Structures are given as structure tokens and as C-alpha cells.
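Some notes on the structure that comes next.
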Number of protein chains: 2
Amino acid sequence: MASSSGPDSSRRVTIHDVARSAGVSRQTVSRALNGKDEIERSTKQRVLDAARELGYRPSRFARGLVRQDTTTIGLVIPDLRNPFFTEVAASALESARARGWHVVVYDTADRPEEELGTLQVIGSQVDGVVGYFSCAEDELDRYTRGMPMVLIGREHRMARFSSIRIDGEAGVHAAVAHLVARGHTMIGMLDHDNRAEPSLRREWFTAAALAHGIDPGRVAGAGQSADGGGAGLRALLAAHPEVTAVFTFNDIVAIGALREARRLGRAVPADLAVIGFDGLQLGALMEPPLSSVALDTRRLGALAVEQVGRLLTGADPLPPEDLEVRAELRLAGSA
Amino acid sequence: MASSSGPDSSRRVTIHDVARSAGVSRQTVSRALNGKDEIERSTKQRVLDAARELGYRPSRFARGLVRQDTTTIGLVIPDLRNPFFTEVAASALESARARGWHVVVYDTADRPEEELGTLQVIGSQVDGVVGYFSCAEDELDRYTRGMPMVLIGREHRMARFSSIRIDGEAGVHAAVAHLVARGHTMIGMLDHDNRAEPSLRREWFTAAALAHGIDPGRVAGAGQSADGGGAGLRALLAAHPEVTAVFTFNDIVAIGALREARRLGRAVPADLAVIGFDGLQLGALMEPPLSSVALDTRRLGALAVEQVGRLLTGADPLPPEDLEVRAELRLAGSA
DNA sequence: TTGAAAGCGATACCAT
DNA sequence: ATGGTATCGCTTTCAA
């Protein structure tokens with residue numbers, strides 16, 4: 001029972017219809033529409049008129065089939081409303097546009113089932129994929145067949161994948177060092193609250209803390225939102241009232257912590273120093289402006305697009321050491 | 001294992017290659033790949049193996065040509081990094097996803113030439129378009145032929161266009177009324193700084209001010225950014241030091257004004273009341289939280305997608321009175 | 001300048 | 001269960 005009970009009368013207008021209406025052949029129509037010069041002015045005009053009259057629009061599929069030039073990449077993002085991903089997406093769009101590529105954006109709303117759904121349909125819509133994925137690698141593989149894929153912020157095992165590494169080790173180390181230099185010894189962390197696996201950022205923090213002889217155990221989980229950050233800070237301070245500085249999983253959480261600190265009557269940075277992670281532009285609007293271990297999101301997006309491009313064209317892919325974005329401490333008012 | 005499998009020959013792997021490699025016909029390959037049941041297990045497996053071996057991926061164009069089911073819409077946004085447009089985009093993506101549609105996103109970076117470039121290529125990539133445009137209507141028309149188009153926040157003349165109206169009149173009136181009720185009589189506005197045409201929001205402000213017997217002339221222009229808002233506020237206060245309340249073109253500008261007020265030593269809302277426009281989620285993170293004439297961006301995106309869908313399928317388009325998003329005053333701490 | 005015919009790569013409808 | 005053939009809508013040779 002194939003066809004939807006669509007507007008029967010309005011069957012698609014094809015190049016053939018235009019040709020018949022203008023009393024020429026299909027090729028002539030094609031010429032007129034594509035601005036070729038081997039055509040008489042009057043003929044061209046007649047065709048153009050007929051086309052407009054009939055409301056003709058070329059089928060992108062038919063056209064794409066014969067002129068194999070357009071590239072479209074898929075960008076998969078967990079949550080476009082999260083400013084971090086917004087920045088990454090915007091950067092990816094920029095890079096793609098510079099190459100004349102089109103980008104289909106999929107927001108998986110942080111839901112695994114949406115991610116799978118996306119993976120299933122994406123294969124028949126784009127030439128390559130860039131983005132964030134949470135599902136198991138073999139699932140990724142199964143759903144995307146031979147598609148070039150660049151994973152952001154996640155390691156891969158299979159050779160067919162490529163990934164952009166986020167290296168925050170030095171940046172987090174610098175952050176902790178800075179706090180220590182300011183006299184802090186009780187430094188806590190607000191990690192994400194997905195306890196399935198500890199975050200890399202947590203590991204970096206732990207290592208950096210230990211390197212400075214600081215107890216890395218003052219950690220609380222926080223939902224990925226400002227509210228989550230606020231609640232997380234409350235929990236952290238309840239469990240460890242001695243904490244005077246906090247490093248957070250990301251800037252959104254840090255911003256929530258900032259707000260919560262204010263509500264608790266703790267001055268920042270005097271009573272509580274806060275350092276986030278990501279380096280969102282948003283942080284500069286806070287009071288005080290947020291210090292953060294900053295990522296160059298522009299480079300991140302550009303790198304991902306560049307790499308998927310290389311996979312696409314068969315050019316030499318960038319080597320792993322170039323596929324790395326280093327985060328560095330950017331101090332503002334909050335610490 | 002995978003080291004040898006390279007896309008050495010530049011020619012595309014087609015269904016034909018897979019068929020030959022597996023020793024079956026093309027249709028059988030199609031069956032195997034699309035999970036039809038009229039096929040023997042062993043055959044299917046053989047085909048699948050061959051496909052994987054060759055790195056075969058079906059052409060989306062060929063597939064789209066024969067199964068005319070996928071719809072793709074284009075979303076044109078002036079600046080994805082602007083939180084307002086982020087919200088609209090996210091909402092549009094949500095609505096599209098709910099319908100199983102794909103969305104190609106174009107960020108025109110606020111540049112007219114990018115907008116034209118986008119219009120030119122968009123025609124052959126999507127079935128319909130939703131978004132923000134700044135160019136003249138006849139240009140819009142010329143570049144997009146018979147494509148269904150929904151313009152957001154902008155009126156149209158030609159019948160082929162459809163548009164979503166932003167109605168902030170009542171909301172702005174309420175904002176001014178609120179300020180007046182709080183005793184403010186010297187109310188300024190930070191408009192956008194594109195002096196080509198006064199903004200609708202400015203007109204609403206003027207009308208509301210006059211209705212309350214307030215001089216609507218205390219206006220300064222501001223760039224569309226927090227920094228612009230800060231500079232704008234400085235300019236406004238320099239020209240009109242008596243101002244005690246300010247309504248801004250949008251929330252980003254308002255946020256900049258908030259920050260600038262703090263720097264100038266003006267307490268908000270005590271010394272200076274601020275009301276923005278848009279109702280960004282971001283506003284809630286400010287100190288104090290931003291009062292704003294809020295737009296339901298979710299509805300905005302949903303409406304645009306719904307309408308382009310109707311135009312696409314030939315269903316009855318929504319009537320103009322339904323294509324309207326009303327802004328309403330949402331009070332927080334800043335006024 | 002124009003037209004006829006041959007694909008582009010896949011699926012669907014019949015045969016077998 | 002499998003294969004032939006027509007077809008989707010368009011562009012590209014190649015003739016006329």
C-alpha cells in the first residue's frame with residue numbers, strides 16, 4: 001500500500017512536462033535552466049516561462065545522480081541547546097560552508113534511542129558523519145556500514161573510525177596548580193553524574209591533585225545543566241564543607257555553581273574559587289567572569305570536518321597526533 | 001586486517017559490483033541489503049559479505065530517485081552562535097525529527113552575500129525552506145523558484161511565501177506599563193544599530209511609551225552582542241543621564257547592558273531597571289535574572305516546520321492568524 | 001541550435 | 001528464491 005493519499009492531481013512536474021509545454025525536447029529544457037549558451041534566446045525564454053508556469057523544480061535526486069558533485073555531511077550532536085555543542089556545530093558549519101558542503105544536523109536530544117534512530121537513517125542521507133556518539137562501537141559500526149565517520153571526544157578501536165581527541169590533561173593540571181598557588185588545599189570537583197564510567201576529566205583532575213599532594217576524593221556528581229551544577233555544589237559542600245575551590249566537569253555546571261555560591265552567601269572567588277571546563281563565550285558574561293580550562297571549539301569543528309573530508313576523498317587522513325585539541329587554562333575572575 | 005581495504009580506484013562501488021562479486025543479480029543484492037525476506041539465508045550472507053568487502057554504500061541519490069519518500073528541509077539562520085537562533089534552530093530540528101524529516105542547516109553568518117549563495121544552492125538540496133532572510137523579496141523569489149518557503153519574523157507580499165509573525169506589541173506594552181507602575185518615567189531603549197529601517201520593536205516601544213505619556217525619544221543604537229549592549233548603554237546614559245529604566249532590542253543586548261550597569265556602579269534594578277526581548281533561557285543565569293518580553297521559541301520553530309510541511313504536501317496551509325507567535329512579559333529580577 | 005539516445009544507481013513489478 | 005526489465009528525473013555525449 002505504497003503511496004500516501006497525496007494530492008493526486010499534483011503529480012510531480014518533471015522536465016518532461018516542461019519540455020512538452022514549451023514544445024521542445026528535454027535536453028533543451030535542461031540547457032535553458034542550467035544557463036548553457038548553446039540555445040537561442042527566444043527558446044530559452046519560452047522554456048523558462050513554461051517552467052515557471054508549471055512550477056517546475058528539478059529533482060535533487062535525479063540531478064545528484066548524474067552530476068556527482070554535491071557532498072553532504074551529517075553532524076550528530078547530543079543537544080544543540082547546550083552552548084558547547086552550539087559552538088562546535090557552528091564551527092563545523094563554517095568549515096563545511098567554506099568547502100561548499102551541505103550539513104544535515106541531527107540533535108539526538110541526549111537519548112540513546114534517538115541516536116540509534118539517527119544512525120539508521122543517516123546512512124542514506126549523507127556522505128560522511130561527524131559528531132558525538134554514546135553507543136557501543138560495534139553498534140556504531142553495524143548501523144553505518146562503510147560510512148566515513150569522525151568521532152569527537154571519544155577514542156575508537158576499529159580502523160574505519162577516526163576521532164578527535166580532547167586533551168585536557170595539561171590544562172587541568174594548570175588549573176589545579178593555579179588553585180594551589182592561590183593557597184587552596186581543599187579542592188573539590190563536580191563531575192558528571194553518569195556513574196557508569198568516571199570521566200576523563202575526573203581522571204585528569206585526580207592525577208593533577210595527587211601531583212600536588214591534594215586529596216582528590218572530594219567529588220560530587222552533577223547533572224549537565226546550570227541547575228545540576230547548583231545542586232551538585234550543594235551536595236559537594238554538604239559532604240565536604242572544608243572545600244574552598246571547585247573544578248567542574250564543564251562550564252554550564254560551573255555557571256550553576258557560581259549562581260548557587262551566591263545564593264549560599266559564598267563570595268567568588270574569595271570564599272569559593274570556581275574553574276570550569278570548555279571555555280564557553282558565555283562564561284565571559286558571568287559575574288565574576290568564569291575561569292575555565294578552555295577548548296578551541298572552532299578548531300575542533302574545523303578539524304572534524306577536515307578529517308571527514310579526507311576520508312571522503314581518499315586523501316591521506318590526518319595522523320592521530322594532529323587530531324587533537326588541547327585545552328588550556330584561561331583565567332578570568334572566578335578563580 | 002583493514003589495512004589493505006583502501007578506496008584505491010576512485011570509481012564508486014555500485015550495486016552492480018556487489019552483484020558480480022557475489023555472483024547474483026542486482027535485485028538480489030537489493031533484497032539482501034534492505035532486509036527483504038524472499039531470499040535464502042546463505043545467499044543473503046554472501047551478498048552482505050561481498051558488500052562489506054567492497055565497502056559498498058548505496059547511492060542516496062539513486063535510492064531517493066526511486067523511493068520518493070524522504071523529505072529534507074533547509075533551515076537558514078543568520079548566526080547559530082546567537083542564542084536566540086540556537087533556540088529556534090533546536091526547536092525546528094525537534095519538530096522535523098518528529099516527522100522523520102532531515103534538516104540541512106545554513107548559517108549565513110549575517111552576511112548578505114552568504115545569504116544569496118545559500119539561496120542559490122539550496123534549491124537543489126531541499127524540498128522546502130524555513131528561516132530568516134534579509135534580502136529583497138524579489139531576489140528571494142528569483143533564487144528559489146517554486147520552492148515552498150516560510151519566512152520567520154518578516155512579512156511577505158508574494159503569495160508563494162508564508163511567514164510567521166512575531167507579535168510583541170502587547171508584550172512590550174506590558175513591559176512599559178510595568179516600568180511605569182514601578183514609578184519610572186524616564187525610560188530609554190537600546191534599539192539595533194542598523195539605521196536603515198527602525199525596528200518593529202522600536203515602534204512597539206514608541207507606541208507603548210506614548211500611551212503612557214512618556215517621551216519615546218531616549219534611544220540609542222546597539223550592536224547585536226553583549227559588548228554592543230554595553231556600549232549602547234554607555235551611549236544612552238551619556239545622552240540621557242536621567243534614564244532609570246531601559247528596554248532593549250533583545251536579551252543579548254540586555255545582558256551586555258546588565259554587565260555595563262554593574263561596571264558603572266548602577267545597581268539593577270534599583271538604579272536602573274532592564275527589560276530585554278526574546279526570553280532566552282540564558283537570561284535566567286544572569287545576576288539579577290533578566291526580565292524579558294519572552295517569545296516561545298519552541299512554538300516558533302514548530303510552527304515554521306508545520307507550515308512548510310503543509311506547503312510541501314499540499315495540505316491546507318495554516319491561516320495567517322495562526323502563524324503568529326505572541327511575546328509576553330516575563331518578569332525576573334532585573335525590573 | 002536542437003534532439004535522440006545512453007547512462008547515473010537503485011528499486012519494483014513481473015516472470016521464472 | 002532469484003533474475004530480467006522498466007523506471008525514477010536528469011545531464012551528457014553525439015548526431016543532425
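The chains referred to below are lettered A, B, ... by the order of the sequence lines, with proteins before strands, and numbering in each begins at 1. For the numbers below, each heavy atom of this structure counts, side chains included, while hydrogens, waters and symmetry mates do not. From a predicted model like this one, the values you see are computed outputs, not experimental measurements.
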Below 3.5 Å between N/O atoms, which protein atoms pair up with nucleotides 8-11 of chain D? Just atom names and distances, please.
residue : atom : partner : partner atom : Å
D:dG9   : N2   : A:A62   : O            : 3.4
D:dC10  : OP1  : A:Y56   : OH           : 2.5
D:dC10  : OP1  : A:S59   : N            : 3.0
D:dC10  : OP2  : A:I15   : N            : 2.4
D:dC10  : O5'  : A:Y56   : OH           : 3.4
D:dC10  : N4   : A:R26   : NH2          : 3.4
D:dT11  : OP1  : A:N34   : ND2          : 3.1
D:dT11  : OP1  : A:R63   : NE           : 2.9
D:dT11  : OP1  : A:R63   : NH2          : 3.0
D:dT11  : OP2  : A:S30   : OG           : 2.9

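Bending across the helix from C:dT1-D:dA16 to C:dT16-D:dA1, expressed as the angle between its end axes from five pairs apiece, amounts to 40° (10° rounding).
Ion pairing between a basic and an acidic side chain is recognised when a charged N comes within 4.0 Å of a carboxylate O; B:R298 and B:E87 show no such pairing. The residues A:R165 and A:E155 are annotated as salt-bridged, a charged nitrogen and a carboxylate oxygen being separated by less than 4.0 angstrom. Salt bridge B:D69/B:R67: present, at least one basic N to carboxylate O contact under 4.0 Å. Ionic pairing of B:E306 and B:R310 is present here: one or more N-O contacts between side-chain nitrogen and carboxylate oxygen are shorter than 4.0 angstrom. With salt bridges taken as basic N to acidic carboxylate O contacts below 4.0 Å, none links B:D49 and B:R46.
Neither OP1 nor OP2 of C:dT1 sits under 4.0 Å from any side-chain N or O of A:T43. Contact annotation: A:S25 side-chain N/O to C:dT2 OP1/OP2 distance is not under 4.0 Å.
Without hydrogens or angle criteria, B:T313 side chain to B:G309 main chain gives a donor-acceptor distance under 3.5 Å. At least one donor-acceptor pair closer than 3.5 Å links the side chain of B:T144 to the backbone N or O of B:L140.
C:dG3 atom P lies 15 Å from atom CZ of A:R20, rounded to whole Å. Counting to the nearest Å, the P atom of C:dT2 and the CZ atom of A:R41 are 13 Å from each other.
Pairs passing the ring-ring contact (aromatic ring centres under 6.0 Å, His included) check and including a residue from residues 95-131 of chain A, sequence neighbours excluded, read A:H102-B:Y106, A:Y106-B:H102.
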